[in-house]
Engineer: 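Got a structure for you, questions after.
Residue numbering restarts at 1 for every chain, and letters A, B, ... go by the order of the sequence lines.
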Amino acid sequence: MTRLVEVRDLRIEARTDAGRIVEIIRGVSFDIDEGEIVALIGESGSGKTTIALDLMGYTRPGCRVTGGTVTLDGVEMGALPESRRATMRGSLVSYVPQSAAAAFNPAHTIMDQVVEVVQIHGSMPVAEARTRAVGLFRALALPNPDTIGDRYPHQVSGGQLQRLSAAMALIGNPKLVIFDEPTTALDVTTQVEVLRAFKSVMRQGGIAGVYVSHDLAVVAQIADRIIVLRHGEIQEEGRTADILERPQHAYTRQLLAAFRPGAAPRPPRIDQDDAPLLEVRGIVAGYGKADAEGLPPIRILKDVSLSLARGRNLGIVGESGCGKSTLARVIAGILPAARGEIVLDGRTLAPDFRQRRREDLRDLQIVFQSADTALNPRQSISEILGRPLAFYHGMGGRAREARVDQLLDMVRLPRALRHRRPGELSGGQKQRINLARALAADAKLILCDEITSALDTVVAAAIIDLLKELQRELSLSYLFISHDIETVRAICDEVVVMYKGAKVEQLRPDVNDGQPTQPYSRLLFSSVPQLRTGWLDGLAQDPELTRAFAQR
Amino acid sequence: MNSLILRMVAGRLVVALVTLLIVAVVIFFATALLPGDVVQILLGQAATPEAVKGLRTAMHLDQPAALRFLLWLKNLATGDLGVSYVNNIPVAELIGNRLGNSLKLAAVTAAISVPVALTLGVTAAILRGTLVDRMIAVFTIAVISVPEFLVATLAVIVFAVTLGWLPALSMTGDVTTISGLLKAFAMPVITLSFVISAQMIRMSRAAVIETLNAPYVEMALLKGASRRRMVLRHALPNALGPIVNAVALSLSYLLGGVIIVETIFNYPGIAKLMLDAVSTRDLPLIQGCAMIFCLAYLLLITIADIVTIVSNPRLRHA
Amino acid sequence: MSVSLSSTEAPRRWRIGYRISPVGAVAFLVILAWAVVAVIAPLIAPHPVGEIVDFDFFQPMSAAYPMGTDYLGRDVLSRILFGARYTVGISLASVAIACFCGVTLGMAAAVIGGFFDAALSRFLDALISIPSKIMALVLVAAVGSSMPVLILTLAVIYTPGSYRFARALAVNVNAMDYVTVARVRGERLGHLIRAEILPGIIGPVLADLGLRFVFIVLLLSSMSFLGLGVQPPNADWGALVKENIGGLSLAAPAVIFPLIAIASLTISVNLLIDNLPQKIRDRSAA
Amino acid sequence: GRAGAALAAEPVKGGHLKIAGFAASTADTLDPAKASNATDYTRCCALYNRLTFINGAGLVTMELAESVESTDAKTWTVTLRKGVTFHDGKSLTAKDVVFSLKRHLDPATGSKVATLAKQFAEVTATDDRTVTITLAAANADLPTILGLHHFMIVADGTTDFSKGNGTGAFVLKEFKPGVRSVMARNDNYFKKGPYFDTFEYFAIADEPARLNAVLSGDIHVGANLNPRSLRVIEGNPSIAPFISKLGSYGNFILRLDMAPGDKAGVAEGFKYLVNRPVIQKSVLRGLAEIANDQPIPSWSPYYNAELKQREFDPERAKSLFQKAGILGPEIRVTVSDAASSSADYAAVLQQAGGKIGLNLVIDRVPADGYWSNYWLKEAFHAGNINARPTPDIMFSLFYQSNAPWNESRYKSPKFDAMLLEARGLLDLSKRKQIYGEMQAMVANEAGTVIPVFQSNLDGVSPKLKGLVANPLGGMMGYTLPEYTWFGA
Ligand SMILES: Nc1ncnc2c1ncn2[C@@H]1O[C@H](COP(=O)(O)OP(=O)(O)OP(=O)(O)O)[C@@H](O)[C@H]1O
Ligand SMILES: Nc1ncnc2c1ncn2[C@@H]1O[C@H](COP(=O)(O)OP(=O)(O)OP(=O)(O)O)[C@@H](O)[C@H]1O
Ligand SMILES: [Mg+2]
Ligand SMILES: [Mg+2]
């Protein structure tokens, strides 16, 4: 096996706008052989994305390489002129960005962007690239693989976009693919298919990979080796099985321990007779200009009803693209429902948030799935977090500053971050800011759309603990949208399983011990990856079920 | 998508008519507010009260203004722009010829300056912060800081008087050869390009820079795109809305705003016609010219608006 | 070495709280110098603005008349110094008004949308379609000529363009998720346009402002020829160029120096805009 | 000298003459009655003829008329020249003359000389070649009046003037108002000439552009150049100056019926305060003659040379103003680009005023509409008067008590009586004496301050021969196309 990547004593630092130096990567060295898949795991903000990008000879604005070398396929990237680097990017090494939402150009169709790599490098005829792209779409379990490429980025769901960006990276037949958290927005069933697709494509092409992830179970399935990072330094490195089964470093052990918090059963309901905080009845909603009956041409939600009691949590799980985010947007009033009723705290809310009262808006906060697009890139973190404080609570001056610091502490972020802009944060850091902003409102109900998907196990566990603690203190309620079924089960009193815009079933801990009965739910639950190498390869799903639900 | 644009164009057409009507009313009454009327101005120093009264009656101007306006509107509905008060020539005839000239000049200027300006603007954006960028900035501002009449006069002094390469005047009426036409157009086109390019250069630079920071441009870089491709294919389409608006605003100047160029190069265009009409209070002619300008402007900005929407799928599918 | 450098530099920057580029600083100084000149012109001008100091005209530069004399034999230097009041003052005031109104309305139209947007857009389209000559003449006839009227006229003439451009920019920003987040928070129009939209369009908007400033400086002189503007014997710089245009073929300083004055001001304004001081967010000690 | 040399050379036929005037607009007309500026006059002079012609020396000669005679200055007999035809082939008859003269009385014509024409009590065709004009009152100047541009002879019954059907030296080929006109030589012309094959006229409103067009050889005549351009012209072999002394002037008008002009001594004070040499040298660059607050120039046969020239005397002005009590408060003078150079005149006045404590504020108003809205209306404002061929016309238009354009509202029954008396006199020396006295009255009593008479500067190609200045206006009284030719 020949060596593909050689990283030696890499040092990268960032400069804040006051000229203060922040060391991001402090002397990292590792190698990757051809066809080998190496996972980078570690704390959110530890420098995984930074290293991954540097493998492509690129550092984000504000950062610069201060030492060390990166050698890719025998050439030292740092010594190359920009034009030569450009010829390598996409053809030799390609990248699946952490935030797919931000990586797609809103002005072009998805297909145009997927085949662009091939166009740039002229490595294959465009027509052939399109066929190949459709093949990849199918392999990645995307719905309507033949036509999804004609849509624009804002017309597909978060998870769909993520898979599309993976297709974009794989289409050019590179020697090395860098996956930066490529399955964070995927439900487990889809994830299984996607991982399989990754593995087969990479095995066929002898493609090496760097797989950045915090999901240890996924890493266990796909990686040959694991590198554990923290604070910009390598903590431990070794074969996947070794790391997972015999971790040496204390931090690695911590990471593993935090994986999948035991589903501590929630105390039984005491306030059974309490009026529900949120009731959603018969929601029909979708996209496009409404027809004569007021119904949208693209109907996403088909008669969804659910209810949530005060101080309780409701989880929503379901396939990527089934309408979870749409449901959250409908409840928040961003996408007014065509039919149905939303009742919060006994009051019927107007379908459009513009007609809602200010208190209602405060009481119901939504955390957008994509933190990248939901944070104003022009505002500093303290402005972003300070605004709801000033707006809802009239906080100003020192009080507000102090509360901002508190919020940062709560989401486990250093206070020094407050001066930065979203562009200067890591993916997981942005996600936490996004959550902290919703917390700042002191709402009664928070709609959490994938709020831990970009977080390592330790931080994610801390965030979950935080949410629980807040709930205990303030009797908050959460509507918890996530693909991470274990986490959902860990904190939710009830779980709604959705499929193609409809509620399949509502799982309650007191019914059937919280186990699913519907076939789709069973498939979903059985697809949760295990922290065991080879689980994926050995996974034998009920063929009948898979067939039934493969027509997405 | 096509149906959306059709719907929008249709809607705009209706709105444009309303806008035109508003403009007509406003201009009519603004002109009425102007001191002096056509008769006084025609008679000039000879405007004794009885002479004024006599001529007014003879020209049927003693009817109430509102009635004359309605009459004018009625004729307009049948496509008749009326007859000039001053020389009894149909307004359409007066405008027709000169509008053609103006459009010719505008088209040539636009054809040259729009691509050049956008190229310069985008180049400046690509090379932001470099010496080239700064040079382009200083140069464009310096160029528009020089008043138009000075650029024109200087061009005449250099190219016509001193070097004798080009004619000092651009009367294209007698020009028959292509090279003659080129010569006649050269100086007005250059002068006008100087005037309108700056806005396009600066605005396209600013708009492109704004989008160059977007993460999808970074992604394009990671796909191996050249700087050119990043700017042209990824940044530019997202900056198109503001850019076409800047272009539309710049081009709208080419009809009504070219008065100085028309005067100095003696080019018989519509801007001077309008000015004449205002100074003689020739209401039908003022209205006619104003309608043309307004129409041209509405046309340009409607195109700009459509491009804005078409270039942004989020708006297009809204 | 680099450590010591950054540690000596850093505190000074923090005190100001802004990072200033040298180009921007020079541009700012030029503008400031002209503003000062505008105020103290009577004290420093060697001659009264209307005084015919020499029977000859278009005199070259000399010790007595450092910038020569104009078409009437008046001292060009003095006229430029006095002209600064009008060019700097009126232009800055009207461009500020035009851009403030245009940009605010443009953002508001983009955010509110619907009927408000359509009505405002059409209204301003109609406004822009009224020839500025008619507008200026009507205004002089109706309210007479005075500085406020002049400033307002110039502002009115340039507001629609500013509006269009700002609206086109704001429409794109308005489609972003973070604006939706702010709206869902219940934010009012004022905050939406100031904090969410404006920062995203400020670059192009300022560039637009810089250009409009140049246009206004030049338009000002046409206004005086329409009788709405600076009254003789005073003249703004554009008018100085215009009245001395006859000296162009004689390469008279009387036409060149006002031009240099205009260019120095307009280029400075635009360079300052391109190199505005940057507020430093990170105030924490290293 | 110039004129003599030009006359000596033998005219050559041929060539295409290009002239650029200073103004053209849609108001351009080929109707002589409506003609209002150099553009119209030049075209009309090429297309039509007058009964009489005022030559370079200011003397009346005959053109279409063979003779214009009267014994009492009241009834005049005009005998027409034989063999004159219009461009359309019709020959000239008395009917055409009657039609052409009577038109001015109809308000619908919009004639510029309706006031002058009012004295035509009767105009009749005695026979084919004789016209009898009976005046309301005796007027010895009728032959001169008939030499005015507006009294050009058009064909009987003409209503559409866009064809330019006259008896003149050129035949119209193309006419686009505000754009240009092209004419060709009239080969049936009753006089010698013209010499050019064709002649094109248009306007370049921008003065530097007009000058540059002559310099670059694009045109042969650039009319009405700025005196300041003399410096460029003089050093340049491709252009020659053509200067015409005219009786036109720019003035300041103090209405005697409004403050501050209604106070005794104020108008007189301004007459002392205006620094004529500065205006002559600085504003008009020497292309001017110092005037003496009265409208008759020194080259007029009626000029009163005895009248003492008023000098610049600010101290005297100061004491007059002090007496009138106008020092201190703001005094507004309305000027405009419509009255050419008036802002500069005012600047000179303001500067002198500032030294004696006069707070003169200049109010520049739009050129657009100046004549109908400000002129004659403001208390203190600028005017601009074109030369008139006789003192009678001048005085009756601007100084007679009930004159329509009595700028300063000068009212003097004595003056009115003298005007009437002189008008009827056929005796030249007697008229000269009365007019001389009237000049003194205007200079001392009227509210008009007339600093200088302006000369006209045309820039012409050195090729152009046969130029003779004419007091009626620049470009040889606008007849340049007919009388000049291209030399070698
Ligand atoms: N421009 C910048 N200025 C200062 N610090 C920066 C800048 N860009 C990134 N950082 C910091 O660098 C660190 C590494 O960022 P990176 O994106 O590589 O983290 P990551 O390991 O990918 O984290 P995550 O899992 O959350 O995506 C973070 O702590 C981040 O805050
Ligand atoms: N603006 C739009 N126009 C048309 N279709 C859209 C639009 N936005 C989303 N969709 C479609 O609606 C469906 C539901 O999207 P939604 O974002 O609610 O999915 P999701 O359940 O949140 O999925 P994920 O887990 O991948 O985020 C998807 O199939 C998506 O393609
Ligand atoms: Mg990352
Ligand atoms: Mg989603």
Side-chain angles (χ1 to χ4, degrees), chain B residues 34-59 84 86-89 94 97-98 101 149 152-153 156-157 159-162 164 166-169 171 173-174 260 262-266 268 272-273 275-282 285, chain D residues 18 20 24-29 34 36-37 106-115 150 160-162 174 176-180 182 200 202-206 208-219 236 238 366-376 383-386 397 404-405:
Chain B
L34 285 186
D37 72 350
V38 59
V39 168
Q40 276 174 321
I41 286 172
L42 278 185
L43 289 174
Q45 288 196 351
T48 55
E50 69 247 53
V52 167
K53 197 158 162 270
L55 193 56
R56 235 179 232 160
T57 320
M59 289 172 70
S84 158
V86 168
N87 52 22
N88 279 320
I89 299 177
L94 278 173
N97 211 340
R98 296 172 67 147
N101 287 337
F149 60 84
T153 309
V156 171
I157 290 180
F159 295 109
V161 176
T162 311
L166 300 170
L169 307 173
M171 292 276 278
D174 297 334
I260 289 169
E262 286 185 10
T263 318
I264 293 185
F265 299 109
N266 199 40
K272 176 104 190 334
L273 187 68
L275 223 59
D276 283 355
V278 173
S279 22
T280 50
R281 309 285 187 267
D282 191 349
L285 191 53
Chain D
K18 278 179 153 185
S25 74
T26 48
D28 287 359
T29 178
K34 283 197 188 121
S36 66
N37 57 31
D106 179 1
T109 304
S111 166
K112 292 272 155 70
V113 287
T115 21
H150 302 97
D160 175 12
F161 287 88
S162 63
E174 176 193 327
K176 285 198 200 120
V179 182
R180 68 165 186 174
V182 182
E200 180 178 349
F202 48 88
I204 308 175
D206 186 61
R210 210 154 59 240
L211 171 65
N212 287 328
V214 185
L215 286 172
S216 69
D218 285 78
I219 57 172
N236 203 311
S238 51
D368 186 292
Y370 182 75
W371 299 115
S372 42
N373 306 306
Y374 297 95
W375 185 59
L376 299 176
N384 203 342
I385 305 297
N386 287 329
L397 286 180
W405 304 320

Engineer: Given a strict heavy-atom distance threshold of 4.5 Å, which part of D:Ser36 is in contact with chain B: side chain, backbone, both, or neither?
Structural biologist: neither

Engineer: Out of B:Ile260, B:Leu169, B:Thr153, which one racks up the most heavy-atom pairs below 4.5 Å with chain D?
Structural biologist: B:Leu169

Engineer: Between D:Asp218 and B:Pro167 (side chain of the first, backbone of the second, donor and acceptor by atom type, cut-off under 3.5 Å), is there such a pair?
Structural biologist: no

Engineer: Which bit of D:Ile219 comes within less than 4.5 Å of chain B, counting heavy atoms only: side chain, backbone, both or neither?
Structural biologist: side chain

Engineer: For D:Lys34, enumerate each residue passing the salt bridge (Lys or Arg N to Asp or Glu O under 4.0 Å) test, keeping only those at least two apart in sequence or located in another chain.
Structural biologist: none

Engineer: Pair B:Phe149, D:Asp206 - check side-chain contact (heavy atoms from CB on, under 4.5 Å), show working.
Structural biologist: CA-CA 9 Å; B:Phe149 60 84; D:Asp206 186 61; 5.7 Å; no

Engineer: Go through it in stages, so that I can follow the logic: the residues are D:Arg180 and B:Asn266, the test is side-chain contact (heavy atoms from CB on, under 4.5 Å), and I'd like the CA-CA distance, side-chain angles, deciding distance and then a yes or no.
Structural biologist: CA-CA 10 Å; D:Arg180 68 165 186 174; B:Asn266 199 40; over 6 Å; no

Engineer: Given heavy-atom pairs under 4.5 angstrom as the criterion, report whether the side chain, backbone, both or neither of B:Lys53 touches chain D.
Structural biologist: neither

Engineer: Side chain of D:Asn212, backbone of B:Ile157: donor and acceptor closer than 3.5 Å?
Structural biologist: no

Engineer: Pick from B:Leu273, B:Val86, B:Thr162, B:Ile264: which one has the most heavy-atom pairs with chain D under 4.5 Å?
Structural biologist: B:Ile264

Engineer: Shorter than 4.5 Å, heavy atoms on both sides: which option in D:Leu215, D:Asp106, D:Val179, D:Asp28 has the most such pairs with chain B?
Structural biologist: D:Val179

Engineer: What part of B:Val39 is in contact with chain D, defined as an atom under 4.5 angstrom from a non-hydrogen atom: side chain, backbone, both or neither?
Structural biologist: neither

Engineer: Which answer fits B:Ile89, side chain, backbone, both or neither, if we ask what part of it has an atom under 4.5 Å from a heavy atom of chain D?
Structural biologist: side chain

Engineer: So, using salt bridge (Lys or Arg N to Asp or Glu O under 4.0 Å) as the criterion, who are the partners of B:Arg281 when residues are at least two apart?
Structural biologist: D:Asp368

Engineer: Do you know the tightest heavy-atom contact between D:Ser216 and B:Ala168?
Structural biologist: OG-CB, 3.4 Å

Engineer: Is chain D contacted by the side chain of B:Asn97, its backbone, both, or neither, given a heavy-atom distance below 4.5 Å?
Structural biologist: side chain

Engineer: Taking every heavy-atom pair that is under 4.5 Å apart, which of B:Val38, B:Asn87, B:Leu275 has the most such pairs with chain D?
Structural biologist: B:Asn87

Engineer: With a 3.5 Å distance limit and no angle check, can you tell me whether B:Lys272 reaches the backbone of D:Gly178 through a side-chain donor-acceptor pair?
Structural biologist: no

Engineer: Select one option (side chain, backbone, both, neither) describing which atoms of D:Ala203 are under 4.5 Å from chain B's heavy atoms.
Structural biologist: backbone

Engineer: Using heavy-atom distances under 4.5 Å, tell me whether D:Pro177 contacts chain B through its side chain, its backbone, both, or neither.
Structural biologist: both

Engineer: Please flag which part of B:Ser84 lies under 4.5 Å from any non-hydrogen atom of chain D: side chain, backbone, both or neither.
Structural biologist: neither

Engineer: List the atom of B:Gly54, the atom of D:Pro107, and the distance in Å for their closest heavy-atom pair.
Structural biologist: CA-CB, 3.4 Å

